[in-house]
Student: 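So that we are looking at the same thing, I have put the structure below in structure tokens.
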Amino acid sequence: MDEYYIPSGPGESEYEEKRSRFLGHLRPVETEEEARLFITEMKKKYHDARHNCWCYRIRGGAVRYSDDAEPQGTAGLPMLEILQREGIENAVCVVTRYFGGVLLGTGGLLRAYQKAAKGAVEDAGISVVRAWTKMSIVCDYSDYEKIRSE
């Protein structure tokens, strides 16, 4: 088993750009079903928001994203690129946008969604998953430190 990276826990962020508010949420998940449940939960919680864009990566499985009616390629894909750049798997990210009345353009949207997703990743922290072997060794006390360091 190779090592891989996952969120250490849930993470949240808030970013404001030209009166539009972007709320980022990142959660560790094990399955695509868990990811979809979290997306549904966020959509219900922020039902009054203009957009709830999302992405997720499941180790050895699905990689999905949605722009949720934002211009194509300005929300879900940039958020997914944050997860890919950090090497994070088994994670779902939802960024909720409350429209502030000012159009941001494609570049502005792309940067805003990335900042919200990056902030959620930073808040969550990143953990490494590695294969471990538990061992029990009987030794003399004089050899303990040498064996422990190995």
Side-chain angles (χ1 to χ4, degrees), residues 1-135 145 147-150:
M1 174 174 123
D2 296 332
E3 67 181 30
Y4 61 97
Y5 302 95
I6 61 169
S8 297
E12 296 181 357
S13 70
E14 186 170 343
Y15 175 71
E16 191 166 324
E17 178 71 27
K18 295 182 182 175
R19 297 191 320 243
S20 283
R21 269 186 38 206
F22 295 85
L23 308 173
H25 300 275
L26 181 79
R27 294 291 184 275
V29 293
E30 293 294 323
T31 64
E32 190 170 3
E33 294 79 38
E34 283 182 53
R36 291 190 178 277
L37 282 172
F38 180 70
I39 293 164
T40 302
E41 177 186 326
M42 290 293 100
K43 285 183 176 184
K44 285 179 183 174
K45 183 175 181 178
Y46 299 107
H47 62 87
D48 56 338
R50 178 73 63 97
H51 304 282
N52 285 289
C53 303
W54 53 267
C55 68
Y56 59 84
R57 291 183 73 199
I58 307 298
R59 182 168 172 78
V63 176
R64 308 257 190 276
Y65 66 91
S66 169
D67 293 323
D68 192 35
E70 288 283 27
Q72 185 176 0
T74 60
L77 188 57
M79 292 162 50
L80 181 62
E81 287 172 357
I82 295 292
L83 297 182
Q84 290 171 331
R85 194 175 314 134
E86 299 289 336
I88 299 172
E89 299 180 286
N90 289 354
V92 57
C93 183
V94 178
V95 175
T96 300
R97 178 185 183 195
Y98 284 97
F99 184 60
V102 178
L103 297 176
L104 302 179
T106 56
L109 285 172
L110 190 137
R111 284 187 298 276
Y113 278 103
Q114 281 189 326
K115 282 185 181 183
K118 179 72 171 164
V121 167
E122 289 171 354
D123 186 54
I126 300 172
S127 295
V128 181
V129 176
R130 294 185 179 112
W132 288 86
T133 302
K134 186 174 182 176
M135 299 175 67
E145 283 300 320
I147 292 172
R148 188 173 141 242
S149 67
E150 285 297 319

Student: Can you name the ring-ring contact (aromatic ring centres under 6.0 Å, His included) partners of Y46, sequence neighbours left out?
Tutor: H25
Student: Over 60° means perpendicular and under 30° means parallel, so tell me whether Y113 and F22 are parallel, tilted or perpendicular.
Tutor: perpendicular
Student: Charged N to carboxylate O under 4.0 angstrom, R97 versus E70?
Tutor: yes
Student: Are any non-hydrogen side-chain atoms of I82 and C93 less than 4.5 angstrom apart?
Tutor: no
Student: Going through the checks in order, is the side-chain contact (heavy atoms from CB on, under 4.5 Å) test met by E41 and R27?
Tutor: CA-CA 12 Å; E41 177 186 326; R27 294 291 184 275; over 6 Å; no
Student: In the structure I gave you, are the side-chain heavy atoms of L80 and R57 within less than 4.5 Å of one another anywhere?
Tutor: yes
Student: When you measure from the side chain of D68 to the backbone of H51, do you find a donor-acceptor pair of N or O atoms at a distance under 3.5 Å?
Tutor: no
Student: Kindly give the heavy-atom pair with the smallest separation between P10 and D123, and that separation in Å.
Tutor: O-OD2, 4.3 Å
Student: If I compare all heavy atoms of M42 with all of N52, which pair ends up nearest, and what's the gap?
Tutor: O-OD1, 4.1 Å
Student: Between atom CG of L109 and atom CG of L103, what is the distance when rounded to the nearest 0.5 Å?
Tutor: 8.5 Å
Student: Give a yes or no on whether a salt bridge exists between E145 and R148, defined as a side-chain N under 4.0 angstrom from a carboxylate O.
Tutor: yes
Student: Distance from T106 atom OG1 to R111 atom CZ, nearest 0.5 Å?
Tutor: 8.5 Å
Student: Give a yes or no on whether a salt bridge exists between K118 and E86, defined as a side-chain N under 4.0 angstrom from a carboxylate O.
Tutor: yes
Student: Where do G24 and V95 come nearest, in terms of heavy atoms and distance?
Tutor: CA-CG2, 4.0 Å
Student: Examine distances only and state if a side-chain atom of S13 and a backbone atom of A116 form a donor-acceptor pair shorter than 3.5 Å.
Tutor: yes
Student: For atom OH of Y65, decide whether the heavy atoms of other residues, nucleotides or ligands shown that lie under 6.0 angstrom number more than 12.
Tutor: no
Student: With rounding to the nearest 0.5 Å, note down the distance linking CG in L26 to CE in M79.
Tutor: 9.0 Å
Student: Kindly compute the distance separating SG (C53) from CG (L77), expressed to the nearest 0.5 Å.
Tutor: 11.5 Å
Student: Using only atom types and a distance under 3.5 Å, with no angle test, would you say the side chain of N90 pairs donor to acceptor with the backbone of P28?
Tutor: no
Student: Can you list the steps and then say if L83 with V63 is a side-chain contact (heavy atoms from CB on, under 4.5 Å)?
Tutor: CA-CA 11 Å; L83 297 182; V63 176; over 6 Å; no
Student: Please tell me if the side chains of V92 and I39 come closer than 4.5 Å, counting only heavy atoms from C-beta onward.
Tutor: yes
Student: What distance separates Y98 OH from D48 CG, expressed to the nearest 0.5 Å?
Tutor: 3.5 Å
Student: Could you tell me whether E32 and R64 make a salt bridge, using a distance below 4.0 angstrom between a side-chain N and a carboxylate O?
Tutor: yes
Student: Under a 4.0 Å threshold between the charged nitrogen and the carboxylate oxygen, would K115 count as salt-bridged to E16?
Tutor: no
